[in-house]
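What follows is a short report on a single structure.
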Amino acid sequence: MRSLKISFALVCFLILAILRTPHAQNSPQDYLDTHNSARANVGVKNMIWNTSVAAYAQNYANQRILDCNLVHSNGPFGENLAKGDGTFTGTAAVNLWIDEKYYYDHMTNTCVGGHACGHYTQVVWRDSFQLGCARVQCISGWSFVICSYYPSGNYIGETPY
């Protein structure tokens with residue numbers, strides 16, 4: 001009877017561990033919802049998920065597992081990269097990029113105060129309408145997130161919206 005109680009307790013523990021694993025905020029819909037909320041705030045149409053673009057992002061993310069370095073792929077898509085601690089989610093990465101809105105001056109189409117804002121402008125780039133993102137856990141314990149955008153944006157002299 002004692003071994004049955006231990007087995008039951010072990011099964012309950014495993015179920016709770018699985019349920020508590022941070023799968024949320026890393027799904028295609030999570031990436032889309034976060035992007036599309038920012039885009040709606042500036043009147044830009046919603047993005048759609050593109051499985052080919054997502055496969056490209058996943059392939060590149062897999063290449064970063066060993067070092068987790070924020071090195072751009074130099075591929076055919078627009079691209080945003082981020083990394084954070086092991087619990088860092090895709091939604092958290094997108095929110096980091098969206099937070100750059102504070103430094104974007106739409107009237108002058110510039111980043112103010114020497115701050116970066118190009119991640120934000122890619123998120124809301126009106127002509128980028130297809131999205132694919134991926135997240136991997138690096139061997140260092142960090143998480144690496146990439147979102148790829150088709151068509152790419154951030155063209156010099158053009159405003160995102």
Side-chain angles (χ1 to χ4, degrees), residues 18-65 67-138 142-161:
I18 290 168
L19 293 175
R20 293 183 54 118
T21 302
H23 295 292
Q25 302 180 340
N26 295 309
S27 73
Q29 194 61 54
D30 294 323
Y31 287 108
L32 281 170
D33 290 347
T34 309
H35 275 82
N36 289 337
S37 177
R39 294 168 69 87
N41 286 337
V42 294
V44 178
K45 70 179 180 175
N46 282 348
M47 298 192 107
I48 60 170
W49 192 257
N50 180 312
T51 56
S52 296
V53 176
Y56 177 88
Q58 186 66 61
N59 181 56
Y60 188 68
N62 291 342
Q63 294 175 42
R64 299 270 55 103
I65 287 175
D67 61 25
C68 221
N69 289 339
L70 296 177
V71 176
H72 284 282
S73 71
N74 296 314
F77 304 113
E79 186 171 275
N80 280 338
L81 306 175
K83 74 177 182 179
D85 68 23
T87 61
F88 188 65
T89 64
T91 299
V94 179
N95 282 323
L96 280 178
W97 304 327
I98 292 168
D99 287 347
E100 290 180 2
K101 178 180 184 175
Y102 179 78
Y103 302 113
Y104 178 65
D105 182 346
H106 185 65
M107 295 296 285
T108 62
N109 192 34
T110 60
C111 302
V112 297
H115 294 279
C117 64
H119 301 100
Y120 167 71
T121 55
Q122 178 60 80
V123 167
V124 297
W125 197 265
R126 71 184 167 282
D127 294 331
S128 297
F129 66 95
Q130 295 181 34
L131 178 68
C133 302
R135 175 186 174 273
V136 294
Q137 191 80 34
C138 300
W142 289 83
S143 293
F144 177 91
V145 177
I146 176 175
C147 284
S148 298
Y149 303 85
Y150 179 81
S152 59
N154 283 342
Y155 294 107
I156 296 172
E158 292 185 31
T159 60
Y161 50 88

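- Interatomic distance, OH of Y150 versus CZ of F129, reported as 6.5 Å (0.5 Å rounding).
- Under the side-chain hydrogen bond (donor to acceptor under 3.5 Å, both in side chains) criterion, the residue pairs touching residues 38-53 are N50-Q130, with sequence neighbours excluded.
- Minimum interatomic distance between W97 and V145 (heavy atoms only, all atoms of both residues): CH2-CG1, 4.3 Å.
- Applying the side chain to side chain contact (heavy atoms under 4.5 Å, CB included) criterion to L96, with sequence neighbours excluded, gives F88.
- The nearest pair of heavy atoms linking M47 to S128 is CE-O, 3.3 Å.
- Rounding to the nearest 0.5 Å places CG of N26 at 6.5 Å from OG1 of T91.
- Checked against salt bridge (charged side-chain N to carboxylate O under 4.0 Å, His left out), D67 has the following partners two or more places apart in sequence or in another chain: R64.
- Residues satisfying the side chain to side chain donor-acceptor pair (under 3.5 Å) test with S73, not counting sequence neighbours, are Y56, E79.
- When the options L32, D33, T34 are evaluated for a side-chain contact (heavy atoms from CB on, under 4.5 Å) with V94, the one that passes is T34.
- For the pair G118 and E100, the tightest heavy-atom approach, listed with the atom from each and the gap, is N-OE1, 3.4 Å.
- Partners of F144 according to the ring pair (Phe, Tyr, Trp, His ring centres under 6.0 Å) rule, which considers only residues two or more places apart in sequence or in another chain, do not exist here.
- Take D127 and apply the side chain to side chain donor-acceptor pair (under 3.5 Å) test, not counting sequence neighbours, and it matches no residue.
- Residue pairs meeting the disulfide (SG to SG under 2.5 Å) criterion with at least one member in residues 75-118, sequence neighbours excluded, are C111-C117.
- Between the CD atom in Q58 and the CZ atom in R135 there is a gap of 10.5 Å [rounded to 0.5 Å].
- Here the side chains of N69 and W142 are not in contact, with every heavy-atom distance at 4.5 Å or above.
- Panel note: side chain D105, backbone V112; no donor-acceptor pair is recorded below 3.5 Å.
- When all heavy atoms of I98 and Y120 are compared, the closest pair comes out as O-CD1, 3.7 Å.
- V124 and V44 make their closest contact through O-CG2, 3.6 Å (heavy atoms, listed as atom of the first residue, atom of the second, distance).
- A distance of 4.5 Å separates CD in Q25 from OG1 in T89, rounded to the nearest 0.5 Å.
- For N109, the side chain to side chain contact (heavy atoms under 4.5 Å, CB included) criterion is met by Y104, T159, P160, not counting sequence neighbours.
- Scored by the ring pair (Phe, Tyr, Trp, His ring centres under 6.0 Å) test, Y161 finds H106 as partners (sequence neighbours excluded).
- Listed by chain and number, the residues in a side chain to side chain contact (heavy atoms under 4.5 Å, CB included) with N154 are T121, Q122, W125 (sequence neighbours excluded).
- Residues C147 and L131 are in side-chain contact: their nearest non-hydrogen atoms beyond the backbone lie under 4.5 Å apart.
- Between A61 and I146 the shortest heavy-atom distance is CB-CG2, 3.9 Å.
- Partners of Y103 by side chain to side chain donor-acceptor pair (under 3.5 Å), not counting sequence neighbours: none found.
- Contacts of N36 classified as side chain to side chain donor-acceptor pair (under 3.5 Å), with partners at least two apart in sequence or in another chain: none.
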